[in-house]
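Just so you know, these numbers come straight off a predicted model, no measurement behind them.
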Amino acid sequence: MLSIGANISRKIININKNEISKEEFVDLVEVHKLSLYRFAKSILKNDIEVEDAISESILKKSWMMRIVSNECYDLIKRKI
């Protein structure tokens, strides 16, 4: 499961760098949707909560990468 999360994290970073499209990222999530669902379902047991957990995780990861990206660029600008 960690490799799936790491792979998605790398893809999010690449989206922020405009190296892959959002559509390609969506395709990646679609490929791993069943694994993510099964993992969350083993913990939560409730389909609605499982869907919420997966959605929120993807959004949080995406926003966190964007925040880190912005901070990095801000630091670069301050050095100039």
Side-chain angles (χ1 to χ4, degrees):
M1 185 51 79
L2 290 177
S3 63
I4 293 170
N7 194 17
I8 290 173
S9 295
R10 281 193 297 276
K11 294 293 184 180
I12 291 170
I13 291 169
N14 291 340
I15 288 172
N16 290 333
K17 293 179 181 178
N18 293 321
E19 292 176 4
I20 69 166
S21 69
K22 291 180 182 178
E23 291 80 18
E24 289 173 307
F25 176 73
V26 169
D27 290 343
L28 175 73
V29 172
E30 283 295 317
V31 166
H32 296 294
K33 182 170 61 176
L34 184 57
S35 295
L36 294 170
Y37 174 84
R38 286 181 178 159
F39 179 72
K41 181 75 172 191
S42 73
I43 297 168
L44 295 172
K45 311 289 189 233
N46 177 299
D47 289 334
I48 294 171
E49 290 176 350
V50 167
E51 291 175 17
D52 287 346
I54 293 169
S55 296
E56 289 298 318
S57 297
I58 292 169
L59 289 174
K60 285 178 183 176
K61 180 72 81 172
S62 187
W63 277 107
M64 182 62 69
M65 291 299 178
R66 189 67 190 160
I67 291 167
V68 170
S69 173
N70 289 341
E71 281 300 315
C72 292
Y73 289 120
D74 286 348
L75 285 170
I76 290 170
K77 288 177 188 174
R78 283 187 227 139
K79 288 182 180 180
I80 297 176

Give the minimum heavy-atom separation between Y37 and V50, together with the two atoms involved.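 Minimum heavy-atom separation between Y37 and V50: CD1-CG1, 3.4 Å.
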
Considering only residues two or more places apart or on different chains, which pairs with a residue in residues 43-52 satisfy salt bridge (Lys or Arg N to Asp or Glu O under 4.0 Å)?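 Every pair satisfying salt bridge (Lys or Arg N to Asp or Glu O under 4.0 Å) with a residue in residues 43-52: K41-D47.
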
Contact list for residues 69-80, test salt bridge (Lys or Arg N to Asp or Glu O under 4.0 Å), sequence neighbours left out: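 For residues 69-80, and leaving out neighbouring residues, there are no salt bridge (Lys or Arg N to Asp or Glu O under 4.0 Å) pairs at all.
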
Listed by chain and number, what are the side chain to side chain contact (heavy atoms under 4.5 Å, CB included) partners of A53, not counting sequence neighbours?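 Expected list: L44.
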
For I48, is the CD1 atom crowded, meaning more than 12 foreign heavy atoms sit under 6.0 Å from it?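 Open: at most 12 neighbouring heavy atoms sit under 6.0 Å from CD1 of I48.
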
